[in-house]
Novice: 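Right, I'll just put the structure down here and ask away after.
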Amino acid sequence: MVSRWSSPEAWCLLLSLLLLASWERGSGQLRYSVPEEAKHGTFVGRIAQDLGLELEELVPRLFRVASKDCGDLLEVNLQNGILFVNSRIDREELCGRSTECSIHLEVIVDRPLQVFHVEVEVKDINDNPPMFSVREQKLSVPESRLLDSRFPLEGASDADVGENAMLTYKLSPNEFFILDIIHKKDKDKFPGLVLRKLLDREENPQLKLLLTATDGGKPEFTGSVSLLILVLDANDNAPIFDRPVYEVKMYENQVNQTLVIKLNASDADEGINKEMMYSFSSLVPPLVRRKFQINESTGEIKVNDAIDFEDINTYEIHVDATDKGNPPMVGHCTVLVELLDENDNSPKVVVTSLSLPVKEDALVGTVIALISVSDQDSGANGQITCSLTPHVPFKLVSTYKNYYSLVLDSVLDRESVSSFELVVTAQDGGSPSLWATASVSVEVADVNDNAPTFSQPEYTVFIKENNPPGCHIFTVSAWDADAQENALVSYSLVERRVGERALSSYVSVHAESGKVYALQPLDHEELELLQFQVSARDAGMPPLGSNVTLQVFVLDENDNAPELLAPRAGSTGGAVTELVSRSVGTGHVVAKVRAVDADSGYNAWLSYELQLTAGSARSPFRVGLYTGEISTTRALDENDSPRQRLLVLVKDHGEPALTATATVLVSLVESNQALKVSSRALVNTMGPEVALVDVNVYLIIAICAVSSLLVLTLLLYTALRCSAPQTEGACGPGKPGLVCSSAVGSWSNSQQRRQRVCSGEGPPKTDLMAFSPSVPP
Ligand SMILES: *[C@@H]1O[C@H](CO)[C@@H](O)[C@H](O)[C@H]1NC(C)=O
Ligand SMILES: *[C@@H]1O[C@H](CO)[C@@H](O)[C@H](O)[C@H]1NC(C)=O
Ligand SMILES: *[C@@H]1O[C@H](CO)[C@@H](O)[C@H](O)[C@H]1NC(C)=O
Ligand SMILES: *[C@@H]1O[C@H](CO)[C@@H](O)[C@H](O)[C@H]1NC(C)=O
């Protein structure tokens with residue numbers, strides 16, 4: 001149009017047409033039209049000409065144009081009578097949205113006054129684009145809306161009219177919505193959206209679309225609005241755990257409230273639909289609920305009770321995460337808790353005794369007890385090693401896995417060790433390892449494998465002769481290392497003959513006590529040594545026995561007085577008559593007293609002395625103390641009585657000493673007479689004299705021998721006493737005493753010593769038994 005308006009020929013044509021038309025209507029009214037927004041000076045019409053006025057008369061007739069409400073939008077050039085646009089005409093301002101819009105002009109001329117009405121129609125041009133009231137439209141759409149749901153939009157408006165205001169809408173391409181135009185009765189249109197594809201907030205929480213409106217003008221104008229579609233959440237997502245199964249390994253015996261795992265589920269929804277609560281699923285048995293607790297809000301699973309590997313070693317916990325949407329949705333997962341073993345159980349040892357007590361002759365390899373060990377832990381913590389007290393004659397033999405036999409490993413001897421306290425230790429392989437012990441008392445039963453034994457193979461006993469019958473002379477004692485009846489010793493005599501008689505007529509042994517009794521008085525002169533054996537037997541099956549030798553020395557007592565020997569035939573009444581020549585010199589042996597003693601030793605050792613009678617002070621004789629020889633002490637003279645009677649006291653050395661008195665009659669004769677007699681006497685006396693001397697020599701040798709034997713014996717006994725146990729013995733007439741002398745230097749010494757010791761200083765302390773002949777009061 002604009003292009004057409006711009007050409008003058010077109011304008012002329014249009015104007016003439018318009019004029020013709022207006023005139024033709026005959027209303028006497030002039031009509032022009034002008035497009036809005038025309039420039040200043042734009043030709044509207046030859047108003048003067050068209051009104052039939054001459055150009056010259058315009059001024060004189062005071063030609064003027066008046067408009068009620070439009071001011072000076074249009075002006076007339078009085079020179080050429082042309083109506084033109086004076087200032088910008090906006091149709092929309094002038095008439096709004098009404099389709100008809102015109103400016104009414106009153107043209108007045110004076111002389112004569114004439115009034116003309118001129119209508120100037122203002123034509124619309126497309127000068128207004130479609131307009132939306134807001135720059136952005138927000139639309140909230142729940143994601144759960146169904147397909148074909150409609151959402152009205154606010155349309156655009158166009159200030160223009162007609163074609164210029166005819167709007168068409170267009171939506172930016174998208175997959176979810178299409179545009180739907182609703183036509184109203186007044187030809188107006190409303191745009192709306194229709195859902196063509198389901199929304200997912202989790203994928204597209206919002207959409208940005210552009211709605212464009214285009215008018216029908218030429219050229220066309222467009223206007224647009226952006227549509228912000230907010231997708232509202234619906235609880236369409238269940239909480240989801242990262243993994244369907246969580247595996248947790250933890251040691252048993254965790255302290256209360258130890259964290260097992262912190263679960264974390266996520267929910268794609270938002271808001272309350274995303275908030276969730278954790279809980280054990282209904283599948284979880286009460287036992288597991290007791291052992292573990294779950295924090296609803298944090299998803300932390302904690303230990304709530306003692307958890308023991310030996311009780312249950314894996315737990316399967318089904319956990320639900322429930323969101324707070326409506327309806328709620330639930331996610332699931334499973335927590336597998338695998339407990340790891342700790343060495344918290346000590347091994348157990350059970351001993352089953354089989355054969356106790358064990359006989360000491362049991363064979364090596366004999367099974368004594370069965371031992372079973374166990375440990376509730378697993379792996380190394382349950383691996384048990386078993387050990388036994390070291391250095392015992394037993395060993396453990398593994399029979400099967402955790403079963404052992406306690407077996408005899410070497411021979412036993414009850415007499416050395418009668419019982420064993422065995423300790424079986426079971427230790428597991430944990431670290432630190434735990435252990436347990438069990439003790440087994442093994443008693444060793446006795447077997448009769450030991451014979452009774454005496455401390456010495458031989459005992460020497462000294463007993464004084466003339467003991468009272470039935471006197472206790474010694475006690476034998478044998479010891480048996482075995483036990484009970486195997487150690488019950490009984491004694492008996494080993495019978496033999498002593499000369500004509502049986503041994504049992506001399507001595508007897510008490511079977512239980514071992515006391516040896518002399519059954520009858522013993523006579524040293526008859527039997528000096530009684531040697532016999534005592535047998536000791538235990539009561540085992542079979543019994544064992546051993547023998548001991550007793551040597552009983554019968555000690556001499558002074559029970560025999562010296563006995564005078566008849567010097568020659570013819571002597572009577574024990575009186576001997578000797579003829580002695582008066583001429584013999586000093587030291588001449590005139591006679592010899594001979595005596596013997598049946599006893600021995602001291603008791604048989606004789607001494608001689610002259611018993612003094614009245615007037616014997618002058619006696620020229622003396623007696624050899626040990627020889628019994630009567631000899632002169634000086635030369636005889638006339639004063640000596642021709643007949644002299646000498647009493648010689650023969651005394652042994654016993655205690656008390658026994659004596660005999662020999663009477664020797666000495667007749668002093670003249671020398672020749674005496675010679676004969678004495679020679680005869682000498683001849684006669686020669687034999688017996690020599691014999692007597694011999695007897696005395698032998699006696700002394702015997703005494704010496706016996707003494708040295710005694711000394712030796714004493715020494716030997718003292719030595720033995722120091723090593724051998726004491727054996728007792730007491731017997732004898734009167735008050736028996738015991739001699740414990742060790743060193744007897746000489747006879748006299750011995751004598752004194754014996755006296756002293758036997759007078760009883762303290763208890764008897766020696767094996768050697770002797771009898772003190774006389775105890776001083
Ligand atoms: C839970 O998981 C989500 C996503 O995996 C993460 O963003 C969040 O930080 C986690 N929360 C915790 C407490 O671990
Ligand atoms: C769960 O954990 C929270 C945060 O630690 C705590 O405040 C709440 O007391 C716990 N709930 C239970 C039942 O233990
Ligand atoms: C462990 O702790 C919880 C909370 O303090 C308590 O309820 C439960 O009785 C405890 N369990 C044991 C075995 O002490
Ligand atoms: C003991 O002596 C008797 C008789 O001489 C003999 O039969 C026996 O075998 C002896 N016992 C022992 C153990 O020597």
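We count residues from 1, following the sequence as given. Note that ligands are numbered from 1 as they come in the structure, with each ligand's atoms numbered from 1 the same way.
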Novice: Tell me, please, which residues at least two apart from Y246 pass ring-ring contact (aromatic ring centres under 6.0 Å, His included).
Specialist: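 Here no residue qualifies.
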Novice: Do any pairs count as a salt bridge (Lys or Arg N to Asp or Glu O under 4.0 Å) and have a residue in residues 419-434, sequence neighbours left out, and if so which ones?
Specialist: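 Every candidate salt bridge (Lys or Arg N to Asp or Glu O under 4.0 Å) pair involving residues 419-434 fails, so no pair, neighbours aside, qualifies.
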Novice: Rounded to the nearest 0.5 Å, what separates atom NE2 in H510 from atom OH in Y517?
Specialist: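 Between H510 NE2 and Y517 OH, I get 6.0 Å after rounding to 0.5 Å.
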Novice: What atoms of ligand 4 come within less than 4.0 Å of a heavy atom belonging to G545?
Specialist: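 Reading through ligand 4 atom by atom, the close ones are 13 (C).
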Novice: With no hydrogens and no angle check, is any side-chain donor or acceptor of E252 less than 3.5 Å from a backbone partner on E342?
Specialist: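 Pair found, side chain donor or acceptor close to backbone of E342.
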Novice: Return a table of N or O atom pairs, ligand 3 on one side and protein on the other, at distances under 3.5 Å, rounded to 0.1 Å.
Specialist:
residue	atom	partner	partner atom	Å
ligand 3	2 (O)	N256	OD1	3.2
ligand 3	2 (O)	N256	ND2	2.4
ligand 3	2 (O)	Q257	NE2	3.1
ligand 3	11 (N)	N256	ND2	2.9
ligand 3	11 (N)	N304	O	2.9
ligand 3	14 (O)	N256	ND2	3.3

Novice: State which residues pass side chain to side chain donor-acceptor pair (under 3.5 Å) with Q520; sequence neighbours excluded, sorted by chain then number.
Specialist: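 With neighbours one apart ignored, the set is R501.
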Novice: What atoms of ligand 2 come within less than 4.0 Å of a heavy atom belonging to S297?
Specialist: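 Numbered from 1, ligand 2 contributes 1 (C).
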Novice: At a 4.0 Å cut-off, with the gap strictly under it, does some heavy atom of S535 reach an atom of ligand 4?
Specialist: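 S535 does not count as a contact of ligand 4 under the 4.0 Å cut-off.
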Novice: Quick one: do F280 and V288 satisfy side chain to side chain contact (heavy atoms under 4.5 Å, CB included)? Show the steps, please.
Specialist: CA-CA 9 Å; F280 290 135; V288 179; 5.7 Å; no
Novice: Using the rule given for side chain to side chain contact (heavy atoms under 4.5 Å, CB included), can you reason through T549 versus N547, listing the C-alpha separation, both sets of side-chain angles and the distance that settles it, and then say yes or no?
Specialist: CA-CA 7 Å; T549 301; N547 293 340; over 6 Å; no
